[in-house]
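Beneath this line is the structure, given in C-alpha cells, with notes to follow.
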Amino acid sequence: MYIYPHQIKFIIIIIIIIIIISAALSNVLLPHNKFGLNIILPSTKFLQCQTVSRKALKSSPNEAINNLWKDTSNHKNVQYDKYKNTKDVLNTIRKQHEDKLQHHLISQGSFFSNIIKHSTLSFNSIWSSVQSKLPKNIFNFTIRYINNTLPTRKNLLKWGISPTSECSFCLNPESLLHVVAGCKTYLNEGRFMWRHDSVLNFIASILKSVNHCNLYADLPGYISPSVITGDELRPDLLITLENKCIYILELTVGFESNLTNATRKRQKYQDLINEQLKNYEKVKFVNLSISSLGVFSHPSLDFTEMLKDLKFDEQCRKVLIQVDTGKLPVKRVSEAKRLMDIVLDLYKPNTVIAKNMDLIFALMVDSSMFQDFLIPACHLLCSFSLFVLKNKTLSLKYCDRCLSLKPEFISGLFMKGLLLYENGKHEDAIQCFQQIVVLSNDMHGYKSTALNLLGCICAKLGKPHTALLKFRESFACHSGRLEALYNVAVVYHDIGELDLEISLWKYILKI
C-alpha cells in the first residue's frame with residue numbers, strides 16, 4: 001500500500017503528540033475529578049475495540065461464532081478476554097497510571113501524590129469544572145503546575161537551558177516548592193502573606209453578613225481576634241454566636257505537601273481552645289488548609305460544617321469556597337425558569353403535560369443534587385418538547401446548548417444523535433452514539449439503543465457486516481433488545497443469507 005506525503009505528515013504529527021503526552025504531561029490520562037484532562041490514547045481505544053469484538057464473539061447467538069471464540073481464547077487474544085467491557089479497560093489503564101504517578105514519577109507525580117492522599121475528594125470534581133472555565137493562559141499555567149513543568153531554575157538546569165539551579169534572590173535551589181512557599185525573600189516581601197490575606201479577606205467579607213454573630217478577623221478594617229484571645233495566640237478569624245458558641249478558624253494557603261498540617265495546627269491552639277471553654281459552652285476549631293492552586297484538604301470539611309451551622313444553604317456554601325460555576329444560584333434558577341416557561345408555552349394545549357413539567361421543575365430547583373444539571377436539563381426538556389412538535393431545527397439548537405454546558409450528558413448526546421440520524425447526518429450521529437457507548441453502563445438502556453442505531457446507520461451506509469456486529473453487541477448488552485435481532489434478520493435478507501434469516505426468525509418467535 002502506497003502512503004501519500006500528507007499521510008506521512010499526519011502520522012508524524014500523531015507520533016509527536018503521543019510522545020509529548022506520555023513524556024511531559026503526567027496527568028492527561030486521568031479523569032477530571034483527579035485533576036486530569038480525561039484524554040484517551042489511541043492504544044487504549046484499540047484495546048477497547050478488541051474487547052468489544054471478543055465480547056461479541058463470546059455472546060453471539062450463532063454457535064459457530066461461539067466456537068470461534070473458544071478456539072481463539074487460549075491464543076494472544078486472551079489479553080482482551082480479561083476485560084468485562086470498555087469501561088473496565090479504561091479503569092484498568094487509569095489505575096496503572098495512578099500507580100505510576102504515585103510510586104515511580106517522583107517529580108511529575110509529586111502534586112498527584114499529595115492531593116490524592118490529603119485533598120477533599122468531594123471538592124475535586126468541582127475544582128476541575130472551574131479550571132476548565134479559566135482564561136487560556138491561566139489554564140495552561142495550572143496544567144504546567146500540576147505536571148511540574150514550569151520554568152523554575154531547577155527545571156531549566158535539567159533541560160540544559162540554565163547553568164545553575166540557584167534562586168536569583170536567596171541562592172537556594174529554585175524548585176516549584178521553593179517558588180510557591182519556600183523563598184525567604186518572597187516571605188520578607190510579603191508575597192505569601194498577600195496570597196493568604198486575599199483568601200481570608202474574601203471569607204470574612206462573606207461571613208460578616210451572617211446575622212446574630214460577631215466577626216473578628218486578623219485584617220485591616222476588622223476587629224482583631226486578640227480582643228478575645230490576646231496577642232500570644234491570634235487565630236485568623238473568630239466568630240461568636242448568641243448560643244454561647246465560638247468558632248476559631250485558622251487558614252493556611254501553601255504548597256500541596258502542606259495540606260497535612262491539621263494535627264500540628266490543632267496542637268498549637270489547644271491551650272486557647274481550653275481557655276475559651278471557660279467562657280463559651282462550645283468551642284469549635286476549624287482548620288482550613290488550601291493549596292496555592294485551590295485544592296482543599298480533608299480537614300476543610302469542618303469549614304463546610306461551620307457554614308451549615310451558620311445557616312448557609314448548599315449553593316451559598318459552594319459560592320463561598322469558590323467552586324461554583326460562576327453564576328449565582330438566583331441567576332441559575334431564573335434562567336431555568338425562563339427555559340421552563342418556554343416548555344410550558346409549547347404544551348399549553350395539554351394542561352396535564354404542563355402540570356407535570358412544572359412539577360419536574362419544582363423538584364429540580366428544590367433538590368440540591370440536581371443543581372449542576374439544572375440548566376442543561378431544562379435545555380434538554382426544551383429540545384424534547386420541540387422534537388415532539390416536529391421542529392427539529394430548533395430542537396437541535398437547544399440540544400447543542402445542553403451539551404455545551406455538560407458535554408458528557410448522556411441523555412443530551414442521545415437526543416442529538418437521534419436528531420442528526422433523522423436529518424440524514426449519519427457521520428455526526430455516529431460520533432454521538434459512539435460517545436454514549438463509551439460513557440454509558442446501560443443502566444437506562446442508552447448503550448444498547450445507541451449500538452442498535454449505529455447498526456442502522458452502518459446498514460444505510462452500505463456496511464452490512466459492521467451493522468451485524470453492532471446489532472449483536474446491542475442484543476448482548478441488553479437481551480430484551482428484540483429490535484436488534486429483527487434488524488439482524490433484515491440485514492441477512494438484504495445480503496442473501498436466507499438460511500440464517502429463517503433460523504433467526506424462528507429464534508425470535510421462540511423468545
State the [atom1]-[atom2] distance between [X] and [Y], to the nearest 0.5 angstrom.
{"X": "Cys213", "Y": "Leu238", "atom1": "SG", "atom2": "CG", "result": "11.5 Å"}
{"X": "Leu157", "Y": "Thr152", "atom1": "CG", "atom2": "OG1", "result": "9.5 Å"}
{"X": "Leu307", "Y": "Leu207", "atom1": "CG", "atom2": "CG", "result": "6.5 Å"}
{"X": "Met306", "Y": "Leu249", "atom1": "CE", "atom2": "CG", "result": "5.5 Å"}
{"X": "Thr142", "Y": "Asn140", "atom1": "OG1", "atom2": "CG", "result": "7.5 Å"}
{"X": "Ile223", "Y": "Asn214", "atom1": "CD1", "atom2": "CG", "result": "7.0 Å"}

Please tabulate, for side-chain N and O atoms in residues 165-185, each donor-acceptor pair with protein atoms closer than 3.5 Å (sequence neighbours left out).
{"residue": "Glu174", "atom": "OE1", "partner": "Arg153", "partner atom": "N", "Å": "2.8"}
{"residue": "Ser175", "atom": "OG", "partner": "His178", "partner atom": "N", "Å": "3.3"}

| request: Test side-chain contact (heavy atoms from CB on, under 4.5 Å) on Lys45 and Val438 and set out the steps. | output: CA-CA 10 Å; Lys45 281 290 185 185; Val438 173; 3.6 Å; yes

| Does NZ or CZ of Arg401 fall inside the cone over Tyr398's six-membered ring, less than 6.0 Å from its centre and within 45° of the axis? |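 Arg401 over Tyr398 ring: yes.
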
Heavy-atom pair with the smallest gap, counting every atom of [X] and [Y]:
{"X": "Ile436", "Y": "Ala450", "value": "CG2-CB, 3.9 Å"}
{"X": "Ala204", "Y": "Leu219", "value": "CB-CD1, 4.3 Å"}
{"X": "Leu396", "Y": "Lys416", "value": "CD1-CG, 3.8 Å"}
{"X": "Glu250", "Y": "Pro235", "value": "OE1-CA, 3.5 Å"}
{"X": "Leu413", "Y": "Leu439", "value": "CD1-CD1, 3.8 Å"}
{"X": "Leu418", "Y": "Phe433", "value": "N-CZ, 3.7 Å"}

Got [X] and [Y] here, is their nearest side-chain heavy-atom distance under 4.5 Å?
{"X": "Ser291", "Y": "Phe255", "value": "no"}
{"X": "Asn287", "Y": "Arg266", "value": "no"}
{"X": "Gln276", "Y": "Ile228", "value": "yes"}
{"X": "Leu47", "Y": "Ile93", "value": "yes"}
{"X": "Tyr222", "Y": "Ser205", "value": "yes"}
{"X": "Ile246", "Y": "Lys282", "value": "no"}
{"X": "Glu281", "Y": "Cys245", "value": "no"}
{"X": "Met415", "Y": "Cys432", "value": "no"}

| task | Would you please test Ser226 and Tyr216 for side chain to side chain donor-acceptor pair (under 3.5 Å) and show each step? | result | CA-CA 9 Å; Ser226 60; Tyr216 306 85; over 6 Å; no

Measure from the side-chain N and O atoms of [X] to the backbone N and O of [Y], and report whether any donor-acceptor pair falls under 3.5 Å.
{"X": "Asn452", "Y": "Ser448", "answer": "no"}
{"X": "Asn85", "Y": "Lys87", "answer": "yes"}
{"X": "Asn155", "Y": "Asn148", "answer": "yes"}
{"X": "Gln48", "Y": "Thr86", "answer": "yes"}
{"X": "Asp236", "Y": "Leu251", "answer": "yes"}

| Sequence neighbours excluded, which residues qualify as salt bridge (Lys or Arg N to Asp or Glu O under 4.0 Å) partners of Lys136? |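 Testing Lys136 for salt bridge (Lys or Arg N to Asp or Glu O under 4.0 Å), a comparison that skips the adjacent residues, returns none.
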
| Residues that Lys284 engages under salt bridge (Lys or Arg N to Asp or Glu O under 4.0 Å), provided they are two or more places apart |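 Here the qualifying residues are Asp309.
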
| request: Tell me, please, which residues at least two apart from Tyr247 pass ring-ring contact (aromatic ring centres under 6.0 Å, His included). | output: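 For Tyr247 there are no ring-ring contact (aromatic ring centres under 6.0 Å, His included) partners, ignoring immediate neighbours.
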
| field | Partner set under ring-ring contact (aromatic ring centres under 6.0 Å, His included) for Phe192, not counting sequence neighbours | value |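 Testing Phe192 for ring-ring contact (aromatic ring centres under 6.0 Å, His included), a comparison that skips the adjacent residues, returns none.
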
| said: Please determine whether side-chain contact (heavy atoms from CB on, under 4.5 Å) holds for the pair Phe141 and Leu150, giving the CA-CA distance in whole Å, both sets of side-chain angles, and the decisive distance to 0.1 Å. | reply: CA-CA 8 Å; Phe141 173 83; Leu150 288 168; 3.6 Å; yes

| query | Which pairs count as salt bridge (charged side-chain N to carboxylate O under 4.0 Å, His left out) when at least one residue sits in residues 190-213, sequence neighbours excluded? | reply |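 Those involving residues 190-213 are Glu189-Arg191.
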
| query | Just wondering, are more than 12 heavy atoms of other shown residues or ligands nearer than 6.0 Å to CH2 in Trp159? | reply |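 Enclosed.
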
| message | Counting only heavy atoms from other residues, nucleotides and ligands, does the tally under 6.0 Å from CG of Leu394 exceed 12? | response |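 For Leu394, atom CG is crowded (more than 12 foreign heavy atoms under 6.0 Å).
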
| Pair Leu237-Leu200, side-chain contact (heavy atoms from CB on, under 4.5 Å): steps then yes or no | CA-CA 8 Å; Leu237 191 142; Leu200 183 62; 4.1 Å; yes

| Given Lys447 and Ser474, is the side-chain contact (heavy atoms from CB on, under 4.5 Å) satisfied, shown in steps? | CA-CA 8 Å; Lys447 184 175 181 179; Ser474 175; over 6 Å; no

| Member of Val89, Val52, Leu90 meeting the side-chain contact (heavy atoms from CB on, under 4.5 Å) criterion with Tyr83 |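 That would be Val89; it is the only one of Val89, Val52, Leu90 passing the side-chain contact (heavy atoms from CB on, under 4.5 Å) with Tyr83.
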
| said: Centroid separation under 6.0 Å, is that true for the rings of Tyr269 and Phe285? | reply: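 Yes, the ring of Phe285 comes within the 6.0 Å limit of the ring of Tyr269, centre to centre.
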
